[in-house]
Every structure is written in C-alpha cells, then in structure tokens.
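Atoms within each ligand, like the ligands themselves, are counted from 1 in listed order.
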Amino acid sequence: MDDVIVVGGGAAGCMAALAAARQGAAVTLVERNQKLGRKLYITGKGRCNVTNDCTVPELLQCIPQNSRFLTSALTRFPPEQVKAFFESCGVALKTERGNRVFPCSDKSADIIDALLLALRRAGVRLLQDRVIRLRLGNETLLGAEGEHNFYPCKAVILATGGVSYPLTGSTGDGYALAASAGHTVIPPRGSLVPLVAEQDFCARMQGLSLRNVAIQVKNSKKKTVYAEQGELLFTHFGLSGPLILSASAHMRNFQTDRYTVVMDLKPALTEEKLEKRLLRDFEENANRNFRHVLEGLVPRLMVPVLAELSGIPEDLKANSITKVQRRRLLELLKGLRVDIRGPRPVEEAIVTAGGIRVSEVDPRTMASKRMPGLFLAGELLDVDAYTGGFNLQIAWSTGHAAGEGAAAWALGLENEHLEAF
Ligand SMILES: Cc1cc2nc3c(=O)[nH]c(=O)nc-3n(C[C@H](O)[C@H](O)[C@H](O)COP(=O)(O)OP(=O)(O)OC[C@H]3O[C@@H](n4cnc5c(N)ncnc54)[C@H](O)[C@@H]3O)c2cc1C
C-alpha cells in the first residue's frame, strides 16, 4: 500500500508528489494522460511563465480570489524557492518584463522534463489511469479507484485542476471526487478569458490585432475597475488578446454587474494633439474623401466601422467635414466603447475561478477539513490570479504544502519536523 496517492500530474500534482516523496513517503502519481503536464506544455505560449520573481506581499496583490488562504503556502514555498528548485534541476531561468520568469531555452518542455527527472530520482511511481472515485470507509479514506485499478493508500492528494482547456485532461473530475468527501464546490467560471461583445462591429474587424491600445474597463456605476495598455484582438464574438484576458480577471461580477471596455486607439496622443493632427490631415487632404484620411489614421479593417459609428459618410470630401463630425471622430478614437455581454465559456479560459471552498481546507497543509487523509492542491481550489506566472506559483506552492502535509499525515510526523527542500 502506498503512503500517498497523488491524482493529477499537472504542476500542482508533480510538486505535491515530489514534496511527499522527499519526506520519505511511498508515493504514486496517477495521471489520466499518457504524458504528464499537458497543460504545462502550452503555458506561456509554449515558453512556460513558470513564476513571477516578486515578494510574497507583491504576489498576494495579484491574487484577487482568496489570497489570505494562500499566504501560508506561498510563504513556505515562495517564488525564489521555485526558481531555486528548477535551477537545481538544471533549468536555467531568465526574468523578463513584469518579473515574469521563463526557462532560458523558451521551452516549456524543459520544465516538464525537469519535473519528470526529479520525480524519478525521488522514487515516485508514475501510473496512467483516470481516478473515478474515492473509496471511503467509516469516516476514513481507504484509497482512490481508477478505471483500471484500486489504489489503497493512507493519504490522497487531489490535484486534478479546473475545467479550462479540457483537452489537456482538466475536465473537472476533482470537483465530484471532493464533493463525494463532503466538500462544497463554488461553481467554476472562467478568468483570463476572452469577452463577448454586445455590438457586432467587433466581428466586422475580426482578425485585427492592435498592438498598442489603452483600455479602461468601467462597471455599471462607471467606476474604472481596470486600466492598462497593450495588445488587443478583435474576434468573431468580440474581444481577445493579452490585454483583454488580463482585464477579464478584474470583471468578477458578471451575474450582477455590466462592463464596458473603453478603448483609446491613440494612447500616444493627447486629445489636443490628436485634434491638431485631424485638422492637419483634413487640410492636407481637403479634396480627398474621408475614407482616405481615415486610412492614414487607423488600420484598414477599422475604417468602415469608424465611418459608420461617427456618422461621417466614407466618400464625404475632407473639406466638407464639420467641426461637430470631427469632434465625434476624435471621441471615437480616444474612447471607442464596447459593451460586454459576458465572458466566453470557462473551457476557453486560461484559468478556472471557483472550485473547492477554501474554508474547508487547512491553509498550512492543504488537508481537507471534511475527510481525514484527503488533501487538495492547485487550480481545483477556489483561487485564481492575474497573468504573470502567478497561477503556476499557486500550483507549485499549494502542491508543495499538500505533499508535505500528506506525507506527514501518512508517516505520522508532525509538520514542524519535516525536512526542508
Ligand atoms: C493556454 C494556457 C496558458 C497558461 N499560461 C500560464 C503561464 O504562462 N503561467 C502561469 O502561471 N499560468 C499559466 N496558465 C495557468 C496554469 O497553467 C494553471 O493554473 C496550472 O497549470 C494549474 O495547475 P494544476 O496542476 O492545478 O492543474 P492542471 O495543470 O490542469 O493539471 C491537472 C492534471 O490532472 C489530470 N487529471 C484530471 N482529472 C484526472 C483524473 N480523474 N485522474 C487522473 N488525472 C486527472 C489532468 O490530466 C491534468 O494533467 C496557463 C493556462 C492555459 C490554459
């Protein structure tokens, strides 16, 4: 019989298995896919933004959901230790803009290979199976039942992830498994997710990527909940791209609130400067039509949309454009408004918000307060963070805490007497 069974071989599960094995526990990691870390492989566009090189207080500021719950785990296994761990496995790391840490090779596969090697060296048994049930005795946990086998053990760590990008294997199995042991599941929803627009003009610009646009996200009380500059993409349903994904993590009340994205298409120019530029462009092209002038200002796909929204006919001569029309165009360039109907489905989100209620989990050991011997880690929990390596850091830290906690439980150790690694 194993001391610890880890269910799920993503970031949290691999780190949990390692941490448990390094405490001397006999550990088996059960992953449904043939390969470990399928989601890890696609992180950071295949480069894996493995953590963020910041302090724990800075980290906590980037976690909008249940950051207090994470304080202990993040403090005990902070970014500097995550970096040290991967470097000790031979992965050279580099830090980019916004303290984002990547492997120097720009290859997420190097992170997965390092984990695999460390798991093998630590003596973790790797098995392919899909866990479908927890076997529960009289208020005790007897093991995990897979499609192929039963895995008796003293402790089970659930690290099955959320429901985002389900083709990677994260299909939400852990919710039902945890619920069978008495846990509450906060309904999963997407964060870091594309947004569906009310207006159809976004669809007319689908494929258009704006590299440097400034946005403000306003709620129904006109309060700005997010403001940032970056890259945005128009799609057939609305808006996507890095800037929008980041913005979506701040739009947390779609049930009760309405959001509008206000875009400044010319963030480098003040209103006065843009006004002067428009005047000059219209004067220099007095006898050409509006469409021609607009093509000098914005990408071609945007021209018919801005012409329609400003109410200025595309074929109107520049010298016939009135002051009022010019003003309307200026307002559009500095504040194109897109009302948001809601997020795209959670399956398309980078992370799953919602999950196992954290008040039912011990923040030091990730032990279930509902079922002795059960531990939970990673995105399965009701935690999520902004972009920048924070979500993986949560997975490493909660995995590490769960691994140590489960080993201590299985081996009958006090947590304080654990070996540091
Ligand atoms: C496209 C994309 C890019 C991202 N980029 C970054 C980034 O650069 N930096 C960052 O910090 N975060 C990033 N994230 C988020 C990050 O990948 C996740 O937060 C993190 O991987 C969660 O780790 P996890 O181990 O909790 O879950 P997962 O990585 O989802 O792992 C869960 C594992 O459990 C397995 N499993 C599920 N059910 C069962 C079962 N019943 N039996 C056995 N195994 C099972 C799954 O197959 C999977 O391997 C990205 C996410 C996506 C989708």
Side-chain angles (χ1 to χ4, degrees), residues 5-17 28-52 59 62-63 79 82 96 98-103 106 108 111-112 115 126-134 144-149 151 156-178 188 190-194 242 245-246 249 346-353 355-356 366 376-381 383-400 402:
I5 295 287
V6 180
V7 186
C14 289
M15 190 53 78
T28 295
L29 172 56
V30 184
E31 162 59 48
R32 64 189 286 188
N33 294 325
Q34 216 174 359
K35 286 186 175 173
L36 296 186
R38 273 185 69 175
K39 186 170 278 181
L40 263 174
Y41 190 69
I42 58 167
T43 54
K45 296 194 174 134
R47 298 204 301 135
C48 188
N49 179 191
V50 72
T51 185
N52 192 287
L59 193 54
C62 297
I63 302 174
V82 170
E96 296 189 358
N99 298 331
R100 291 162 195 248
V101 179
F102 294 88
D106 286 329
S108 57
I111 295 293
I112 300 166
L115 286 167
L126 305 177
L127 289 180
Q128 186 188 357
D129 199 353
R130 181 179 188 177
V131 170
I132 47 171
R133 215 169 290 116
L134 293 178
E145 288 180 35
E147 282 175 338
H148 305 306
N149 273 310
Y151 306 98
V156 171
I157 301 175
L158 290 180
T160 48
V163 278
S164 311
Y165 281 60
L167 284 178
T168 60
S170 322
T171 51
D173 286 6
Y175 300 139
L177 295 171
S191 183
L192 306 178
V193 61
L245 297 184
S246 296
V346 59
E347 289 77 10
E348 293 177 32
I350 299 291
V351 285
T352 305
I356 305 305
M366 300 295 138
L376 306 107
E379 205 173 304
L380 170 68
L381 295 163
V383 290
D384 65 275
Y386 301 147
T387 51
F390 307 110
N391 285 295
L392 277 176
Q393 178 62 46
I394 292 175
W396 307 129
S397 294
T398 55
H400 187 264

Per-atom contacts, ligand 1 versus Ser170 - under 4.0 Å to a heavy atom: 28 (P), 30 (O)
Per-atom contacts, ligand 1 versus Arg32 - under 4.0 Å to a heavy atom: 36 (N), 37 (C), 38 (N), 39 (C), 43 (C), 44 (N), 45 (C), 47 (O)
When you look for heavy atoms under 4.0 Å from ligand 1, do you find them on the side chain of [X], its backbone, both, or neither?
| X | answer |
| --- | --- |
| Asp129 | backbone |
| Leu392 | both |
| Ala159 | backbone |
| Asn391 | both |
| Thr171 | neither |
| Val351 | side chain |

Distance to 0.1 Å, residue and atom name: give those for the protein heavy atom nearest to [atom].
| atom | value |
| --- | --- |
| atom 26 (O) of ligand 1 | Glu379 N, 2.8 Å |
| atom 49 (O) of ligand 1 | Glu31 OE1, 2.7 Å |
| atom 5 (N) of ligand 1 | Gly44 N, 3.1 Å |
| atom 14 (N) of ligand 1 | Ile350 CG2, 3.8 Å |
| atom 25 (O) of ligand 1 | Ala12 N, 2.9 Å |

For ligand 1, find out whether one of its N or O atoms is nearer than 3.5 Å to an N or O atom of [X].
| X | value |
| --- | --- |
| Ala11 | yes |
| Asn49 | yes |
| Gly378 | no |

With [atom] as the reference point, say which of [options] has the nearest heavy atom.
| atom | options | value |
| --- | --- | --- |
| atom 3 (C) of ligand 1 | Asp173, Leu376, Thr43 | Thr43 |
| atom 29 (O) of ligand 1 | Glu348, Arg47, Lys39, Glu347 | Lys39 |
| atom 37 (C) of ligand 1 | Gly169, Gly8, Cys14, Gly388 | Gly169 |

Check for me whether [X] has a heavy atom closer than 4.0 Å to any atom of ligand 1.
| X | value |
| --- | --- |
| Arg130 | yes |
| Asn52 | no |
| Thr168 | yes |
| Leu40 | no |

Worked check of side chain to side chain contact (heavy atoms under 4.5 Å, CB included) between Leu36 and Leu115: CA-CA 9 Å; Leu36 296 186; Leu115 286 167; over 6 Å; no
Steps toward side chain to side chain contact (heavy atoms under 4.5 Å, CB included) verdict (Val50, Phe102): CA-CA 6 Å; Val50 72; Phe102 294 88; over 6 Å; no
Partner of Leu177 under side-chain contact (heavy atoms from CB on, under 4.5 Å), chosen from Ile132, Ile356, Val131: Val131
side-chain hydrogen bond (donor to acceptor under 3.5 Å, both in side chains) assessment of Ser108 paired with Thr43: CA-CA 7 Å; Ser108 57; Thr43 54; 5.2 Å; no
